S.K.: 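Submitted below is the structure of interest, expressed as structure tokens.
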2 protein chains.
Amino acid sequence: MATLGDVAARAGVSISAVSRVLSDAPDSRVSAATRERIVDAARELNYRPNFAGRALKSARTQVVGLVVPDITNALFTELMHGAEDEATERGYTVLLGRSDDVRPGGEVIARLIGEGRVDGMALQVGDAVQPAGLRDLITTQAPIVLVNSSYPGHVGSVTLDDHRGALIATQHLLELGHERIAFANGLPRSFTAKRRRTGYKLALATAGLRMPKEYETRIGYTVDNGRTALRRLMALDPKPTGIVVANVNAAVGLLGEARRAGIRVPEDLSVVTVHDSWTAENTWPPLTAVKMQFYTVGRAAVRSVIRRIETGETSDEVVTDPPPELVVRESTAPPRTA
Amino acid sequence: MATLGDVAARAGVSISAVSRVLSDAPDSRVSAATRERIVDAARELNYRPNFAGRALKSARTQVVGLVVPDITNALFTELMHGAEDEATERGYTVLLGRSDDVRPGGEVIARLIGEGRVDGMALQVGDAVQPAGLRDLITTQAPIVLVNSSYPGHVGSVTLDDHRGALIATQHLLELGHERIAFANGLPRSFTAKRRRTGYKLALATAGLRMPKEYETRIGYTVDNGRTALRRLMALDPKPTGIVVANVNAAVGLLGEARRAGIRVPEDLSVVTVHDSWTAENTWPPLTAVKMQFYTVGRAAVRSVIRRIETGETSDEVVTDPPPELVVRESTAPPRTA
DNA sequence: TATTGTTGCGCAAACGATTGAGCAGTTGGG
DNA sequence: CCCAACTGCTCAATCGTTTGCGCAACAATA
């Protein structure tokens, strides 16, 4: 590969001149003629700045790390796309961190930051990490922004309006006339689960309703968790006529388990999920969902990380634009014996 | 961050000694006592080798790029996991390339390789790239291995046994007694589509059958493509009683469209897909599928890239272990009027 | 005409790591 | 007792960039 030296030799100038021209330094003070010779030479040699050389000298990589617990999750895709788009627009690259390593003591973070592979990172921790483990991860001074979670004392987070999402989903069932509405939620320690819970409860309270404690399961966000939730909820007496599922993957599992148990959706049971994704469109029946813009979160997270890197400013941001939006498909209907 | 110099100062030795000890050079020739002082100092300072410094000097990044056309695809996840596992075991890191840029003239590849961000790459091109565009991408001397495709003259590829996968899927329908078996395939220019086609045809020929030309659609691998394929195939006369779908995403779409059209699966129509994924388990009915190990392909691809980087050897490999395996679920049954 | 300012470049020192060469001091063989 | 070989380290060059400083040449001003 051609180096600055090669280009300089071909253009008959010094290395510094080439560097200044090609990285268009503001006060480069190079004549138009020289500039042209340099640009031509660079093009002819197909010059590309060496990443390592530049990073070493400038102590900047122009890379942000994105660490997610589970790339299987359909939502990850949206997040990643948003992150990539924002990064590219700002001249950064996204490095996807090894998800499985996001454990207490998490080596990924220490490595990515410590070895100088990234300038900062966006970190979605999910259910997997215990609050105690989180502390180790973020007490470094590094520019880290949490995605869909927050930590007391840590400044720098981007979250969705989970509260509102769950509220809208619950309201939808209420408006259809349901009076026994269950909630298949994530693990108690999950940050998002806590916030969605308040939305669910507020919607019920506003309608003057109150559900027995067993109407909320707090099992988790996976497909299997959804299956378990359905079995547990439909074993109750009286059975719920509608279920708000806090996660689309769990909803897919819950729906499948309902089919297997001979429960008809939406005739016997209405199901609405918080979060939308392409998988939700392709279940049977297609899932009614509250669309939460993960793409926007990806963008906001990267924007926040970059701002933190470049200016040092931090913030805790709730993405409310676009707002959570109900997408009515075919998994919800009025209760049969309304 | 602590540098080699810091560690050296603290241990009271030279930088070279520290470097040799910490990167355990084979003939480091350092006394046990000194070694211990160095290791202790490094630990106390929480030393981590600077990525840029190391990369600059050694002209190696220990990073392989993985470029895929569409990270939405459920199969990508498996591929990525395999790639990551293999890379980690061998001391490499995976950098996920921006998918959308994999177009003719593809800038990603030139950048990742040209700027020295990666030592080599695994490239899954998919349907999106025209054969002509491919040439530009791979005629560089860089260590590039193609995944699920190949290119005349280019040595270095890892593919699945697509032929066999389609063969097994078709045989399954034949064994159930189907005699009108359609094939929802990918685009004609797709490498995998061509190979799956031969499997489908061979199975039919072996059974002494031959289908009219219209029984094969060559639309593509997306969910929407699957929907279109179903409409087109079920408009034929006589209708097929079974469909082999070349891709699981397309199969999901095809299944959804069948529901919408009031076609019962498997009573009116059997559907079997090539490739399995978690989405296939969660459709209704759950999809019968031929499981193809994308995880293994990810591993093999990275292994191949690394071998190419380190030894210069190249190879064209077909992953046959584990072999394609039929997973019978509930989307296939004997034809009604057998 | 002397001074000052500006333009257009080149010099050389970093950044952090690797590595061949070199150099004392010790050991072993003859 | 001498030379060779080995041990245990250090020196210094190098990878490709960036960037503060310096230095001519020339123009503008006093």
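The model shown is predicted, which means the values in this text are computed figures rather than measured ones. Chain identifiers are assigned alphabetically (A, B, ...) following the order of the sequence lines, protein sequences preceding nucleic acid strands; residue numbering begins at 1 within each chain.
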S.K.: Taking all heavy atoms of B/Leu146 and all of B/Ser149, pick out the closest pair and write down the distance.
M.R.: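 Nearest pair, atom of B/Leu146 first, then B/Ser149: CB-O, 3.5 Å.
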
S.K.: Give the rounded distance in Å between these two atoms: CD1 of B/Ile38 and C1' of D/dG8.
M.R.: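 These atoms are roughly 11 Å apart.
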
S.K.: In residues 42-59 of chain B, what residues come within less than 4.0 Å of DNA chain C, judged by heavy atoms?
M.R.: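 Within this stretch, B/Tyr47, B/Arg48, B/Pro49, B/Asn50, B/Gly53, B/Arg54, B/Leu56, B/Lys57 sit under 4.0 Å of the strand.
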
S.K.: Has A/Thr88 got a side-chain atom pairing as donor or acceptor with A/Glu84's backbone, closer than 3.5 angstrom?
M.R.: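 Yes.
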
S.K.: Using a cutoff of under 3.5 Å, can you pull out all pairs of nitrogen or oxygen atoms linking the protein to nucleotides 22-25 of chain D, with atom names and distances?
M.R.:
none

S.K.: In whole Å, what is the span from the CE atom of B/Met1 to the C1' atom of C/dC15?
M.R.: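 Going from CE in B/Met1 over to C1' in C/dC15 covers 16 Å.
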
S.K.: To the nearest Å, give me how far apart CZ (B/Arg117) and P (D/dG16) are.
M.R.: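 That distance rounds to 17 Å.
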
S.K.: So if I take residues 7-20 of chain B and measure heavy-atom distances to DNA chain C, which residues fall below 4.0 Å?
M.R.: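 DNA chain C contact set from residues 7-20 of chain B: B/Ile15, B/Ser16, B/Ser19, B/Arg20.
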
S.K.: Using side-chain heavy atoms (C-beta onward) and a distance below 4.5 Å, is B/Glu115 in contact with A/Met1?
M.R.: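 SC-SC contact between B/Glu115 and A/Met1 ruled out.
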
S.K.: Without decimals, in angstroms, what is the distance between B/Arg35 CZ and D/dT7 P?
M.R.: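 So the two atoms are 13 Å apart, to the nearest Å.
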
S.K.: Look at A/Arg299 together with A/Glu89 and state whether they make a salt bridge at an N to O cut-off of under 4.0 Å.
M.R.: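 Yes.
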
S.K.: Determine whether A/Ser157 and A/Thr159 satisfy the following criterion, side chain to side chain donor-acceptor pair (under 3.5 Å), listing intermediate values before the conclusion.
M.R.: CA-CA 6 Å; A/Ser157 65; A/Thr159 56; 5.5 Å; no

S.K.: Mapping A/Thr3 and B/Thr34 to their closest nucleotides on DNA chain D, which lands nearer the 5' end?
M.R.: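 Residue closer to the 5' terminus by nearest nucleotide: B/Thr34.
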
S.K.: Under 3.5 Å, is there a donor-acceptor pair between the side chain of A/Asp119 and the main chain of A/Gln62?
M.R.: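 Between the backbone of A/Gln62 and the side chain of A/Asp119 there is a qualifying donor-acceptor contact (under 3.5 Å).
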
S.K.: Identify which one of A/Arg308, A/Glu313, A/Arg307 satisfies the side chain to side chain donor-acceptor pair (under 3.5 Å) criterion when paired with A/Thr311.
M.R.: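 Output: one option passes, namely A/Glu313.
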
S.K.: Decide if atom CD of B/Glu310 counts as having more than 12 heavy atoms of other residues, nucleotides or ligands within a radius under 6.0 Å.
M.R.: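 Check passes, neighbour count above 12.
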
S.K.: At their closest point, which heavy atom of A/Leu112 faces which heavy atom of A/Gly97, and how far apart are they?
M.R.: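 That closest heavy-atom pairing would be CD1-CA, 4.5 Å.
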
S.K.: May I have the distance from B/Arg60 (atom CZ) to D/dT14 (atom P), rounded to whole angstrom?
M.R.: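 Rounding to the nearest Å, CZ of B/Arg60 and P of D/dT14 are 21 Å apart.
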
S.K.: Between the side chains of B/Ser16 and B/Ser19, is a donor N or O closer than 3.5 angstrom to an acceptor N or O?
M.R.: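 B/Ser16 vs B/Ser19: no donor-acceptor pair found between side chains.
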
S.K.: Looking only at non-hydrogen atoms, find the nearest pair between B/Ala55 and B/Thr61 and report the distance.
M.R.: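 Looking at all heavy atoms of both residues, the closest pair is CB-CG2, 4.2 Å.
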
S.K.: Distance-only check: which donor-acceptor pairs under 3.5 Å involve side-chain atoms of residues 43-53 of chain A, not counting sequence neighbours?
M.R.:
residue : atom : partner : partner atom : Å
A/Arg43 : NH2  : A/Asp40 : OD1          : 2.7
A/Glu44 : OE1  : A/Arg10 : NH1          : 2.0
A/Asn50 : OD1  : A/Ala52 : N            : 3.0
A/Asn50 : OD1  : A/Gly53 : N            : 2.8

S.K.: How far does the helix from C/dT1-D/dA30 to C/dG30-D/dC1 bend, going by the axes of its first and last five pairs, to the nearest 10°?
M.R.: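 Between the first-five-pair axis and the last-five-pair axis there is 50°.
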
S.K.: Who pairs with A/Arg37 by side-chain hydrogen bond (donor to acceptor under 3.5 Å, both in side chains), at least two apart in sequence or on another chain?
M.R.: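 So A/Arg37 forms no side-chain hydrogen bond (donor to acceptor under 3.5 Å, both in side chains) with any residue.
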
